[in-house]
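Have a look at the structure below before the remarks.
For ligands, and for the atoms within them, numbers begin at 1 and follow the listed sequence. This chain uses plain numbering: 1 for the first residue, then up along the sequence.
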Amino acid sequence: MKYIKILFFLIAIQISAQQGGMWIPSLLEGMNETEMQNLGSKMTAKDIWDVNSASLKDAIIHFNGGCTGEIISERGLILTNHHCGYGAIQSHSSVEHDYLKDGFWAMSEAEELPNPGMYVTFIKRIDDVSKEVFKGVTESMTAKEKQSKIDKNIVIVKKNAVKENWQEVKVRAFYKGNQYLLFVLENYTDIRMVGAPPTSIGKFGSDTDNWMWPRHTGDFSLFRIYADKDNRPAKYSKDNVPFKPKHFLPISLDGVAEEDFTLVFGFPGRTDEYLPAVAIEQTVKKINPAKINIRENYLKIVDEYMRADDKIKIQYASKYAGIANYWKKWIGENQGIEKSNAIANKQRLEVKFQNKVKNNSEYDHLLQDFDRLYKELDDVARARAYWTEVAYRNVELLRATVRLYQFEQKVTANPSSFESERDKLIKASKGNYKNYNAKVDRDVFEKLIEIYGTKIPATYLSDKLKNVNYTDLTNTIYTKSKLTNAEDFKSLLEGNQQEVLSKLNTDPAYVLGKNLSNDFFNKINPKFQAINLQIQDVQKVYMKALMETFPEERFFPDANSTLRVTYGKVKGYYPKDGVYYKPVSHLKGVMEKYKPGDYEFDVDQKLIDLYNAKDFGVYGENGKMPVNFLGTNHTTGGNSGSPAIDAHGNLIGLNFDRVWEGTMSDLNYDPEICRNIMVDARYILFIIDKYAGNKRLINEMKLVHPKK
Ligand code: ARG
Ligand code: GLU
């Protein structure tokens, strides 16, 4: 009965016309459908999601588990971001064929390149399994007992699910564990690389422009799904044929104008929209600043080396981009939380909430519980952030010690796994050392270990870091350790288990790293997880309480890497007083940013020629070539590569980023300044057709004129 009540709320509350929200595509009928139509959509909920007939959903894929992609031809052609295909493009590249630098264009299907390990996932069906998952879960159970009962039920639910033998099932929690949905999926594993523009187009502006508007990036790449002769998933084979989708997205040549309806369909990874004020305060005041400070130091050191040395630049480009991406995001997030008064607004909401529940013994203590638990979490959460960033993310030598630590644990517990675990380590180390420079890492270590040693809460400070001189420590480690180069590392792992472990335990880097890992795996993380489990239990009840207490508000479930729909419109914004950002950028802006020879802002001669000749084909608009545009769609990491779809179901753009002022949308969506950034579909077509001259790809697409 209780869950039926909750379900009722989930459906009834989606009322207000304000935008934001990531909705479950199988539950759009009713409020979402009305809201979309009010924004200008001509589609019904069934046009978007229909289990029995072809609908938009049949053109959407989870791309390699992290990004989104969409099918844009009847031959299984996939469109996704350049930064989503980056790893694949890089893996096919060599000095002779540098596809990152020059781009890659298969001129026939025979030239399309296989990508071992790559996969894409279609969602075939979504079922509500809350009742089965909560069976036998009672209020008198502890948080841990409840979770273990739920986990057992999920195993049964998955086993009983109706599906074809080539399909898989997954169960995921929604609304902080108040609802459970089962997903039936199909994974295709023969995915071939079809096309990618050069980095100077696909990553134009690089980290300087990342998370920013105005933007001018052609962040797209093309792949193709291959299937067996029955159109089913199959391992790579020469005999496989292009996949025939149930539906693919036609592409609109009519472009976008401010206020046009936009729907983004994809796999957002993670949001936290229902945290209490204390949690946001902790993130913004304690956790983010710690992480930002560490990364800032990393970036400064590595940037200097990269600028001075081309080899280091190549070795560190991808690592640098990864560290810089979230460093910049957190800074924007902090500013946005402040600017949108998120904490004060949450506090006001909490006062209202507390007033309404003061006579409800199930709910009246929740905010107090949060206060107590987040206070308890404070030190350990900071310790965890320092450990993760220093020992795991930024200092490569220390990350290597974490792997070695896990290796020692495993082989000690299970000596028969020694050979295979050692092989795994050696194999993984090859790729790592290829892109490793001990001088760079040494400087990063020296700076970061001092931050770690002086900033981590005292209870969590490793014995090995008490009263040390950081420079001496650094010198000892980077002159004596065998972890600083591939050959020494290999020699360290030679011998039988006993020999290897005893060598390992005299290596100065390992000795320190082991100590840090012991701190983490035996002290920091268990404590963090124990408190976190209690927080999740409170958060689950709080979510339910919020929905019951404010039935007129709209609540969407936090992102959890499942398929979602978010709708909005093309719209500019005011980043600050007196400044308005228009929602569309043009190729002219690429030329304005052009810095010959610069690794972020160089422009290819061919593109310059096309620009000068205004040779935009049917893709330009009034003599201009649109490049990127903004929308009010509520997106997050994982929405990269998601299609932007018009009122009729045609592709108009490709999502790839958000604006800096709005990156706090993961914690607090504000329709005034939260914007997603998309590549205009016409720019993609222009690059494929006019720049790359790849007509065969254009010919297999369906180009339409919905506005005419
Ligand atoms: N900010 C975008 C996202 O979160 C794009 C990241 C890739 N680009 C980059 N310059 N690092 O993933
Ligand atoms: N670039 C992000 C991604 O890779 C999407 C942008 C965002 O976080 O909004 O998923």
Side-chain angles (χ1 to χ4, degrees), residues 20 22 61-70 80-87 89-90 100 196-197 199-213 215-221 262 264-273 295 298-299 302-303 306 313 316-333 336 558-564 566 568 593 598-601 628-644 653-670 673-679:
M22 304 168 166
I61 50 175
H62 208 176
F63 184 81
N64 218 13
C67 284
T68 303
E70 52 275 3
T80 187
N81 287 142
H82 184 268
H83 77 262
C84 297
Y86 201 82
I89 306 166
Q90 184 177 37
L100 282 174
T199 302
S200 62
I201 292 172
K203 208 185 167 179
F204 183 74
S206 195
D207 289 306
T208 299
D209 271 10
N210 193 21
W211 303 111
M212 298 288 226
W213 188 260
R215 190 65 158 276
H216 300 88
T217 312
D219 195 345
F220 79 95
S221 61
T262 55
V264 172
F265 206 171
F267 291 85
R270 184 176 169 176
T271 60
D272 265 306
E273 310 284 348
R295 291 195 176 198
Y298 171 94
L299 293 168
V302 177
D303 180 64
M306 283 171 71
K313 204 193 92 194
Y316 279 77
S318 177
K319 285 183 271 195
Y320 186 93
I323 299 290
N325 193 30
Y326 265 67
W327 164 75
K328 197 163 175 183
K329 191 230 162 189
W330 291 321
I331 295 174
E333 182 170 276
D558 268 321
N560 57 358
S561 293
T562 61
L563 185 57
R564 303 294 179 90
T566 164
K593 287 176 178 172
D598 184 89
Y599 82 94
E600 298 192 303
F601 292 101
N628 292 159
F629 65 98
L630 295 174
T632 60
N633 305 89
H634 188 176
T635 54
T636 188
N639 272 122
S640 273
S642 299
L654 178 65
N655 188 73
F656 73 102
D657 209 359
R658 278 174 286 168
V659 302
W660 210 34
E661 296 82 358
T663 49
M664 83 303 188
S665 64
D666 291 345
L667 302 173
N668 179 51
Y669 181 87
D670 181 341
I673 53 172
C674 290
R675 296 291 179 270
N676 61 317
I677 309 179
M678 295 156 277
V679 191

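- Closest protein heavy atom to atom 11 (N) of ligand 1: Asp207 OD1, 3.4 Å.
- Residue-level proximity to ligand 1 for Trp211 is carried by the side chain, the only part with a heavy atom below 4.0 angstrom.
- Between Asp657 and ligand 1, at least one N/O pair is under 3.5 Å apart.
- Assignment of Gly637 to the shell around ligand 1 is not supported, since no heavy atom sits closer than 4.0 Å.
- At least one N or O atom of Asn210 sits closer than 3.5 Å to an N or O atom of ligand 1.
- The main-chain N or O of Asp209 is found under 3.5 Å from a side-chain atom of Arg215 such that the two form a donor-acceptor pair.
- When Asn676, Asn633, Asn655 are each tested for a side-chain hydrogen bond (donor to acceptor under 3.5 Å, both in side chains) with Thr262, only one passes: Asn633.
- Cation-pi contact between Lys319 and Tyr316: present, with separation from the ring centre below 6.0 Å and deviation from the ring axis of at most 45°.
- Taking 4.5 Å as the limit, some side-chain heavy atom of Phe601 sits within range of a side-chain heavy atom of Thr208.
- Residue contacts with ligand 1 for Ala324 are absent, since no atom lies close enough (heavy atoms, distance under 4.0 Å).
- Between the side chain of Arg295 and the backbone N or O of Ile323 there is at least one donor-acceptor pair closer than 3.5 Å.
- In this structure, the side chain of Arg270 does not engage the main chain of Asp666 through any donor-acceptor pair within 3.5 Å.
- Near Ala321, the atoms of ligand 1 lying under 4.0 angstrom from a non-hydrogen atom of the residue are 11 (N).
- Here the protein heavy atom with the shortest distance to atom 3 (C) of ligand 1 is Asn325 ND2, 3.6 Å.
- Listed as neighbours of ligand 2 are His83, Trp211, Thr635, Thr636, Gly637, Gly638, Asn639, Ser640, Phe656, Asp657, Arg658, each bearing a heavy atom under 4.0 Å from the ligand.
- Judged by distance alone, the side chain of Asn639 and the main-chain N or O of Thr636 form a donor-acceptor pair under 3.5 Å.
- Without hydrogens or angle criteria, Asp657 side chain to Trp211 main chain gives a donor-acceptor distance under 3.5 Å.
- Near Ser206, meaning under 4.0 Å from one of its heavy atoms, ligand 1 places the atoms 10 (N).
- Between the Ser221 side chain and the Asn81 main chain, a donor and an acceptor come within less than 3.5 Å of each other.
- Among protein heavy atoms, atom 7 (C) of ligand 1 sits closest to His83 CG, 3.8 Å.
- Between the side chain of His83 and the backbone N or O of Asp219 there is no donor-acceptor pair closer than 3.5 Å.
- Side-chain contact check for Trp660 and Asn210: no donor-acceptor pair (N or O, by modelled atom type) lies under 3.5 Å.
- Within the 4.0 Å heavy-atom shell around ligand 1 one does not find Tyr326.
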